[in-house]
Amino acid sequence: MKKKSNSSKKDKPLTIFITGGSSGIGYQAVLNLISLGHNIILPCRNIFRANEVLTKIFNQSPVELSKKGEIYTPIMDLSDLKSIDSLCSELKMRHLKIDVLILNAGLQYTGSKTPRMSNQGIELTFAVNHLSHFYLTQKILPLVDKKNDPKIII
């Protein structure tokens with residue numbers, strides 16, 4: 001009988017794709033996951049937000065994070081299905097494999113007299129919190145590394 005190796009796949013850094021990681025609970029999750037040595041794909045709505053988040057992360061604890069996981073902040077507007085398509089195509093071209101998909105982003109517009117709409121004409125809260133996450137999951141599934149016990153966390 002073949003002896004199992006003591007090193008497990010869990011000891012290797014994971015590649016984690018997380019939406020809504022630029023603030024709140026998602027941001028705290030990103031800090032913790034990087035500090036554990038995992039690589040993060042953190043899509044941001046625009047380049048200004050990406051730069052703001054990266055600056056905040058590296059100013060938070062530059063010494064500890066400099067020796068830990070990598071972070072990649074591509075541009076993706078979760079309220080726009082074409083933007084999701086674009087990012088998924090980019091990730092496929094880069095041949096990235098994803099071990100964990102965390103769908104954390106959410107928004108809520110209350111008290112508005114008129115509903116806000118996505119580029120596809122869908123009410124914005126429903127588009128971002130539900131439809132876009134479902135669409136993103138379907139588009140990104142081919143990139144999920146099925147050999148590494150993948151997880152999708154909603």
Side-chain angles (χ1 to χ4, degrees), residues 9-62 64-66 68-92 94-112 115-120 122-154:
K9 290 180 182 178
K10 301 294 180 200
D11 295 334
K12 295 180 182 178
L14 299 174
T15 298
I16 301 169
F17 184 109
I18 181 170
T19 65
S22 59
S23 65
I25 293 170
Y27 177 74
Q28 294 304 313
V30 166
L31 289 178
N32 285 322
L33 292 167
I34 291 174
S35 72
L36 293 171
H38 300 299
N39 301 312
I40 305 297
I41 300 171
L42 171 57
C44 294
R45 190 176 324 121
N46 56 50
I47 191 71
F48 304 108
R49 187 66 175 150
N51 289 335
E52 181 180 75
V53 169
L54 286 173
T55 300
K56 187 176 168 184
I57 288 171
F58 291 113
N59 285 339
Q60 183 105 15
S61 50
E64 295 112 21
L65 293 179
S66 67
K68 299 297 181 180
E70 297 178 10
I71 185 164
Y72 168 48
T73 55
I75 305 306
M76 181 186 79
D77 183 348
L78 202 54
S79 72
D80 184 357
L81 300 179
K82 288 183 181 180
S83 182
I84 294 170
D85 284 336
S86 178
L87 176 59
C88 289
S89 293
E90 178 186 331
L91 296 177
K92 285 176 188 174
R94 289 175 172 246
H95 303 288
L96 292 177
K97 287 292 183 187
I98 296 168
D99 300 301
V100 180
L101 174 61
I102 302 175
L103 305 172
N104 172 69
L107 57 83
Q108 180 180 8
Y109 291 107
T110 58
S112 178
R116 296 176 81 176
M117 307 301 265
S118 74
N119 285 351
Q120 285 72 36
I122 300 164
E123 191 278 321
L124 198 56
T125 304
F126 183 67
V128 170
N129 297 1
H130 302 286
L131 295 181
S132 293
H133 276 143
F134 177 79
Y135 187 73
L136 172 63
T137 301
Q138 294 304 306
K139 297 295 281 188
I140 219 163
L141 272 177
L143 302 175
V144 173
D145 188 357
K146 290 159 186 68
K147 292 179 261 174
N148 202 18
D149 192 25
K151 304 281 186 274
I152 299 177
I153 303 165
I154 303 172

From [X] [atom1] over to [Y] [atom2], what is the distance, rounded to the nearest 0.5 angstrom?
X	Y	atom1	atom2	result
Leu87	Cys44	CG	SG	10.5 Å
Ser118	Leu124	OG	CG	6.5 Å
Asn51	Asn46	CG	CG	9.0 Å
Glu52	Ser22	CD	OG	8.0 Å
Ser23	Asn104	OG	CG	8.0 Å

Hey, does [Y] have a side-chain heavy atom less than 4.5 Å from the side chain of [X]?
X	Y	answer
Leu141	Ile152	yes
Ile16	Ile41	no
His133	Thr19	yes
Ile98	Pro150	no
Lys151	Asp149	yes
Ile84	Ser132	yes
Arg45	Leu78	no
Ile122	Met117	no

Minimum-distance pair of heavy atoms, taken over all atoms of Ser79 and Val128: CB-CG2, 3.5 Å
Least distance between heavy atoms, Pro13 atom then Asn39 atom: CB-ND2, 4.2 Å
Donor-acceptor check, side chain of [X] to backbone of [Y], threshold 3.5 angstrom: yes or no?
X	Y	result
Gln120	Leu81	yes
Asn129	Leu107	yes
Ser86	Ser83	no

Heavy atoms of other groups near [X] [atom1], more than 12 under 6.0 Å:
X	atom1	value
Arg49	CZ	yes
Ile25	CD1	no
Lys146	NZ	yes
Glu70	CD	no

Leu96, Val144, Leu143, Leu136 screened by side chain to side chain contact (heavy atoms under 4.5 Å, CB included) with Phe17, the one that passes: Leu136
Qualifying residue for side chain to side chain contact (heavy atoms under 4.5 Å, CB included) with Leu33, from Ile102, Ile71, Val100, Leu42: Ile102
Distance-only polar pair, side chains of His38 and Thr15, donor-acceptor under 3.5 Å: no
Any side-chain donor near an acceptor of the partner, Tyr135 and Asp85, under 3.5 Å: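 Result is yes, a qualifying pair exists.
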Working for salt bridge (Lys or Arg N to Asp or Glu O under 4.0 Å), residues Asp99 and Lys97: CA-CA 7 Å; Asp99 300 301; Lys97 287 292 183 187; over 6 Å; no
Electrostatic pair Arg94-Glu90, nearest N-O below 4.0 angstrom: yes
Verdict with supporting geometry, Tyr72 and Ile40, side chain to side chain contact (heavy atoms under 4.5 Å, CB included): CA-CA 6 Å; Tyr72 168 48; Ile40 305 297; over 6 Å; no
Stepwise side chain to side chain contact (heavy atoms under 4.5 Å, CB included) check, Ile153 with Ile18: CA-CA 9 Å; Ile153 303 165; Ile18 181 170; over 6 Å; no
